[in-house]
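Naming convention: chains lettered A, B, ... in sequence-line order (proteins, then strands); numbering from 1 in each chain.
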Amino acid sequence: MSQHEISLTVNGSPERVTVPSNMTLLTMLREVLVLTGTKNGCAAGECGACTVLFNGEPVNSCMMLAVEADGANIVTVEGLAHDGTLDRIQQKFVELTGVQCGFCTPGMLISARALLDRNPHPSAAQIQDALRGNLCRCTGYTRVVEAVEQAVSIS
Amino acid sequence: MPDTMNPITPVGENIPRVDAVEKVTGAAKFADDFQFGPGLLYGRLVRSPHPHAIIKKIDASKALALPGVKAIATGADTPGYIGLYLQDRHIFATDRVRYIGDPVAGIVATSEEIAEQAVKLVEVEYEVLPAVTDPLDAMKADAPILHPELGKYQVANFIFPKPGTNISNHFKIRKGDVEKGFAECDVIVEGEFRVPQIQHVPIEPHIATALADQSGKITLWASSQSPFAQRNLIAKALHIGQGDIRVVAPYIGGGFGSKAGVSMEACAVVMAMKVPGRPVKLRLTREEEFFTTFVRQGLVARSKLGASKTGKILAMKTEYYWDAGAYTEYGVNMTRAGGYSSTGPYEIPNVQADSYCCYTNHPVGGPMRGFGMPEIHWGIEQLVDQLAEKLKIDPRDVRLQNCVKTGSEIVTGWKMHPIGLDKCIEKATAAINWGKHEPASAPHKKRGKGLAIMWKAPAMTPNAGSSSYVRLNEDATVTIGLGGQEIGQGTHTVMAQMAAAALGVPIEWIRIATPVDTLYSPYEWQTVASRLTWSMGNAVVAAAQNARQQILELVAEHWNEKVEDLDIKEGKVISYKSEESLPLQNMVIYGLPKEGDCGWRGGPIVGRGNFMPTYVTGLDAETGQGPRAVVHYTVGCQAVDLEVDTETGQIEVLRVAAAFDVGKAINPDQVRAQMEGGVVQGLSSALFEQLKLKNGKPVNPSFVDYRIATSVDMVREIIPIIVETAQDDGPWGARGIGEHAMVPTAPAIANAIYDAVGVRLSSMPLSAEKIFLAMQK
């Protein structure tokens with residue numbers, strides 16, 4: 001497998017890594033940069049646990065090759081809080097128990113962040129729609145959607 | 001029992017989850033997040049493509065020749081059996097495979113890709129045998145026998161296999177005189193109900209990394225509900241001491257029963273033993289997750305229910321045929337639970353029930369949220385509605401009249417402990433304006449309401465134990481050692497609350513010793529059966545009280561006072577008599593100086609506690625009667641308000657009221673969160689889910705083809721209602737709630753659909769297609 005050196009920005013930090021052609025962005029994040037907050041739930045683009053921001057857009061990182069991220073700006077769940085202060089969506093997930101097992105949570109938070117970045121005042125239906133690619137088996141989604149709704153109202 | 005009956009802060013308060021910040025920041029570690037360095041090897045499994053076959057020959061020479069392949073493990077390495085209640089399973093198949101996906105061999109290689117390539121190079125010669133793919137076929141006299149060795153398997157003394165058949169457990173109830181009972185009935189209803197296999201679908205797939213070091217010690221890092229049971233069962237199967245296997249179990253990314261007991265973890269251990277000194281990571285693909293770990297068993301239920309014209313239920317006759325799959329080592333106990341709970345939460349004087357655990361060439365049935373209860377209540381609760389209709393009595397009132405109440409004689413002959421099921425029914429139905437017809441939102445939609453009630457006891461070995469330590473640190477923070485797993489249910493938060501209350505320190509001072517590590521953590525049977533709040537809670541409270549006592553004795557001696565006059569409040573020892581006060585800081589490690597600089601007293605404080613129910617008895621093998629089959633029942637009711645689109649058959653659930661008697665809500669908000677999640681998982685199983693099996697082959701093992709509820713399917717209005725009738729042996733009266741909220745959802749939806757459009761479907765899922773077609777008849 002041929003190797004490629006790529007440069008990218010991850011959570012605000014410049015990174016230069018060498019990756020094989022067939023490595024996914026997810027594997028690079030988890031196993032090369034050891035940013036294990038991003039989760040692998042299906043490796044088929046169906047569950048959303050691996051969602052990251054790719055130049056501001058939410059993508060399933062299991063469905064992209066690492067080499068495609070050359071020059072890109074990536075944000076993972078580890079990059080949502082700033083200077084020890086939680087993002088307001090994170091804060092609301094904590095306050096309202098938008099979290100149970102926590103495995104889908106990183107992807108949920110990233111999808112919600114992407115939504116609020118492009119639409120600061122979404123309706124509940126728009127929130128539900130934005131999160132439909134993020135499967136959760138624990139919460140029943142009600143508190144997740146409520147947490148995002150409340151994060152909107154404090155913006 | 002400790003005196004925990006009086007509410008003490010922070011018990012009963014809505015403390016935010018103690019693990020939430022870790023989980024929203026990506027700091028929380030799951031089993032695939034541990035780092036093993038460049039020595040890490042990867043495993044993939046060779047699996048049976050046949051539902052039933054004899055293994056004639058395995059030729060791994062081509063696989064082993066592939067560069068990067070390090071080893072292969074097969075059944076020849078592990079000829080013994082493994083299993084929780086019935087040892088009917090090999091770690092790798094030896095002579096025979098019994099379902100599509102049965103592990104035949106494990107390849108260890110330097111990458112997952114190479115291991116996967118090598119899997120395809122392993123040549124296995126099979127002699128294909130006829131397969132059994134329906135539990136009713138399994139019962140036939142001429143059925144192929146899947147386990148000819150059944151009579152030789154080791155089995156728990158409350159499981160009754162029938163050697164020479166495909167029945168690995170036959171549980172019976174013979175109570176009263178069922179024929180006489182039916183003869184006295186004015187109204188009788190009967191039906192056959194089918195429940196398909198479904199999958200737990202944790203978002204985190206199964207993952208296990210194992211290391212066998214050169215000295216023979218074994219370490220397993222796994223996403224596991226059962227680190228101690230895995231240590232025990234793997235040790236027994238491999239003839240290793242339990243003390244020489246270490247299981248490290250971090251946060252679980254969802255389990256719902258699928259990560260209880262042992263499944264693929266044992267394969268990882270055997271594969272690691274082939275490459276001493278190198279860790280081997282085995283992670284299942286999503287496709288494997290759907291059918292090679294436990295699935296929820298299928299069920300064919302045939303029931304008959306009769307009542308007097310005043311609505312009193314007099315007799316019930318039931319046959320349960322469980323489609324338990326290829327191995328029933330864990331599933332046998334579900335069929336027992338289905339048997340001893342077979343009446344549902346009703347007091348019925350005459351009962352005959354036969355619960356058969358049937359081997360089939362289907363995926364392995366195992367524990368799933370509710371442990372047999374969602375399956376049996378699917379039929380029971382629809383039959384009760386049919387009975388009510390024939391009686392022309394409100395189904396709510398039939399339930400109020402017949403449901404178990406404090407002191408009722410239940411199906412096994414035990415007298416029901418204090419319980420508030422009638423309150424649950426009243427509150428849940430009131431919350432959706434029961435009895436009031438409300439208009440649909442559009443002319444082509446019809447609105448209906450339905451309800452269902454449930455009961456569930458923790459199903460476990462009678463003496464399943466818990467233990468805990470409570471250790472104080474220099475700054476008086478408190479480390480709680482426990483062996484139960486945080487699987488999303490919030491147990492760390494609830495344990496922290498109980499420990500803080502029992503010890504007398506602020507909740508912010510509590511730390512939970514994680515990950516659970518069988519080398520360091522105190523024993524816990526398994527994280528199953530909704531038993532942690534109750535059982536592990538008792539152990540944690542006992543440990544905290546033990547630490548408290550040690551501290552009070554030390555300070556009493558120091559102050560020359562009596563222990564009875566002292567207390568710990570907000571992290572300070574206080575005296576009600578002398579009004580002295582002393583902070584816990586430092587003293588809990590270094591002790592206290594004696595007067596006059598002549599030495600010290602005390603020492604580092606470590607409290608210990610355990611809990612094990614000692615009062616559970618067996619049941620008579622012929623009648624299923626006995627003093628006390630279970631520790632307790634948690635009960636509840638759900639009432640559903642929905643609309644059916646008559647043009648498409650689609651269901652929209654408008655609101656669900658869920659009322660459960662949890663004894664005491666240690667953290668009411670977390671209890672409500674369990675109810676909400678349970679309702680949506682129940683709804684998902686009711687409307688969408690079925691692992692479709694054709695001749696034993698799973699045809700929809702992906703999220704695209706096996707749909708689960710997504711955010712757009714969520715119920716906008718879930719009304720969780722907490723009822724509290726204290727449990728005499730629970731901490732502050734608490735009982736479990738994790739599984740229960742899923743149990744009544746499906747039949748409540750089915751009953752509401754009938755109310756809306758007059759269509760009754762006896763098999764899940766209630767797909768739009770099925771409802772639409774049924775409406776055309």
Quick check - list every chain A-chain B donor-acceptor pair under 3.5 angstrom, one line each.
| residue | atom | partner | partner atom | Å |
| --- | --- | --- | --- | --- |
| A:R30 | NH1 | B:D33 | OD1 | 3.0 |
| A:R30 | NH2 | B:D32 | O | 2.9 |
| A:R30 | NH2 | B:D33 | OD1 | 2.8 |
| A:E31 | OE2 | B:R283 | NH2 | 3.2 |
| A:K39 | NZ | B:D33 | OD1 | 3.4 |
| A:K39 | NZ | B:D33 | OD2 | 2.5 |
| A:G41 | O | B:R286 | NE | 3.0 |
| A:G41 | O | B:R286 | NH2 | 2.8 |
| A:E46 | OE1 | B:F703 | N | 3.2 |
| A:Q90 | NE2 | B:V24 | O | 2.7 |
| A:T97 | OG1 | B:Q670 | NE2 | 3.4 |
| A:Q100 | O | B:R17 | NH2 | 3.3 |
| A:Q100 | O | B:K23 | NZ | 2.8 |
| A:Q100 | OE1 | B:Q674 | NE2 | 3.1 |
| A:Q100 | NE2 | B:A673 | O | 3.3 |
| A:C101 | O | B:K23 | NZ | 3.2 |
| A:Q128 | O | B:S711 | OG | 2.6 |
| A:Q128 | OE1 | B:R716 | NH1 | 3.3 |
| A:Q128 | NE2 | B:S711 | O | 2.9 |
| A:L131 | O | B:S711 | OG | 3.4 |
| A:R132 | N | B:S711 | OG | 3.1 |
| A:R137 | NE | B:H200 | O | 2.8 |
| A:R137 | NH1 | B:E689 | OE2 | 2.7 |
| A:R137 | NH2 | B:Q199 | O | 3.1 |
| A:R137 | NH2 | B:H200 | O | 3.4 |
| A:R137 | NH2 | B:E689 | OE1 | 2.8 |
| A:R137 | NH2 | B:E689 | OE2 | 3.2 |
| A:Y141 | OH | B:A709 | O | 2.7 |
| A:T142 | OG1 | B:E676 | OE1 | 3.3 |
| A:R143 | NE | B:E676 | OE1 | 2.7 |
| A:R143 | NH1 | B:D669 | OD1 | 3.3 |
| A:R143 | NH1 | B:D669 | OD2 | 3.2 |
| A:R143 | NH2 | B:D669 | OD1 | 3.4 |
| A:R143 | NH2 | B:E676 | OE2 | 3.2 |

Residue among B:I487, B:V679, B:L284, B:V201 with most heavy-atom pairs under 4.5 Å to chain A: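 Heavy-atom pair counts peak at B:V201.
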Pick whichever of A:C42, A:C104, A:G37 has the most heavy-atom pairs under 4.5 Å with chain B.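 Between A:C42, A:C104, A:G37, the count favours A:C42.
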A:G140, A:A130, A:G98, A:C101: which one forms the most heavy-atom pairs within less than 4.5 Å of chain B?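 Ranked by contacts with chain B, first place is A:C101.
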Chain A heavy atoms under 4.5 Å from [X]: which part of the residue, side chain, backbone, both or neither?
| X | value |
| --- | --- |
| B:I203 | both |
| B:A28 | backbone |
| B:V21 | both |

Against chain B, label [X] side chain, backbone, both or neither, depending on which of its atoms sit under 4.5 Å from a heavy atom there.
| X | answer |
| --- | --- |
| A:A49 | side chain |
| A:L35 | neither |
| A:V34 | side chain |
| A:V99 | both |
| A:L109 | side chain |

Any side-chain heavy-atom pair from B:F703 and A:C47 closer than 4.5 angstrom?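 Of all side-chain heavy-atom pairs linking A:C47 with B:F703, at least one is under 4.5 Å.
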